[in-house]
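See structure below.
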Amino acid sequence: MASMQSFWPVSHRDDDFWVCMSCLTEVFYRKVPMPDCPSCHGVSTYEGFTLEAIRDWGTEELIAKAIAAAEAAASVQQAAETAASVEAAD
Ligand SMILES: [Zn+2]
């Protein structure tokens with residue numbers, strides 16, 4: 001599928017939010033798109049930031065995207081943990 005986006009997982013750091021420094025319109029939480037930015041197709045344009053840093057200089061849209069990305073990641077994590085605990089109890 002052409003619309004499928006792949007990601008490199010980026011493990012735990014303080015700066016969990018990965019922003020494209022080329023277009024400044026894409027942000028991902030603990031992962032970066034591969035092989036390039038889905039908006040501007042820049043390669044290796046992502047840099048890690050904390051949410052506080054993005055709040056400092058990001059647009060409202062970028063901040064909203066960052067928060068949504070973190071919430072989506074948290075719900076995926078929670079679903080995985082729920083599935084794991086069901087398996088463990090079995
Ligand atoms: Zn970009």
Side-chain angles (χ1 to χ4, degrees):
M1 271 198 293
S3 61
M4 277 288 279
Q5 176 67 55
S6 300
F7 295 97
W8 291 111
V10 184
S11 56
H12 285 227
R13 295 175 44 150
D14 288 338
D15 41 2
D16 280 332
F17 294 87
W18 293 85
V19 180
C20 178
M21 299 312 291
S22 181
C23 62
L24 295 176
T25 60
E26 295 290 343
V27 57
F28 296 94
Y29 181 72
R30 290 185 178 168
K31 63 185 179 183
V32 293
M34 59 175 275
D36 55 17
C37 175
S39 282
C40 69
H41 301 290
V43 178
S44 301
T45 50
Y46 280 78
E47 282 187 25
F49 294 93
T50 60
L51 184 58
E52 288 70 32
I54 293 172
R55 282 187 197 277
D56 269 357
W57 56 259
T59 60
E60 290 295 322
E61 191 189 355
L62 191 70
I63 295 164
K65 264 193 180 183
I67 293 167
E71 283 175 355
S75 68
V76 167
Q77 175 85 17
Q78 205 166 35
E81 277 168 14
T82 303
S85 65
V86 167
E87 260 173 47
D90 196 24

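Each ligand, and each atom within it, is numbered from 1 in the order the structure gives. Just so you know, these numbers come straight off a predicted model, no measurement behind them.
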| task | Evaluate the criterion side chain to side chain contact (heavy atoms under 4.5 Å, CB included) for residue pair Trp57 and Leu62; output intermediate values, then yes/no. | result | CA-CA 9 Å; Trp57 56 259; Leu62 191 70; 3.7 Å; yes
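Take the Zn ion (ligand 1) and draw a sphere of radius 2.8 Å; the protein N/O/S atoms inside it number 4.
What you find for Arg55 and Ile67 is that their closest heavy atoms are NH2-CD1, 3.8 Å. The two residues Tyr29 and Ala73 make their nearest non-hydrogen contact at CD2-CB, 3.2 Å.
Side chain of Lys65 to backbone of Glu26: no donor-acceptor contact under 3.5 angstrom is found.
Side chains of Cys23 and Cys37 form a contact here, defined as non-hydrogen atoms less than 4.5 Å apart.
When each of Phe17, Trp8, Phe7 is tested with Phe28 by the rule ring-ring contact (aromatic ring centres under 6.0 Å, His included), just one qualifies, namely Phe7.
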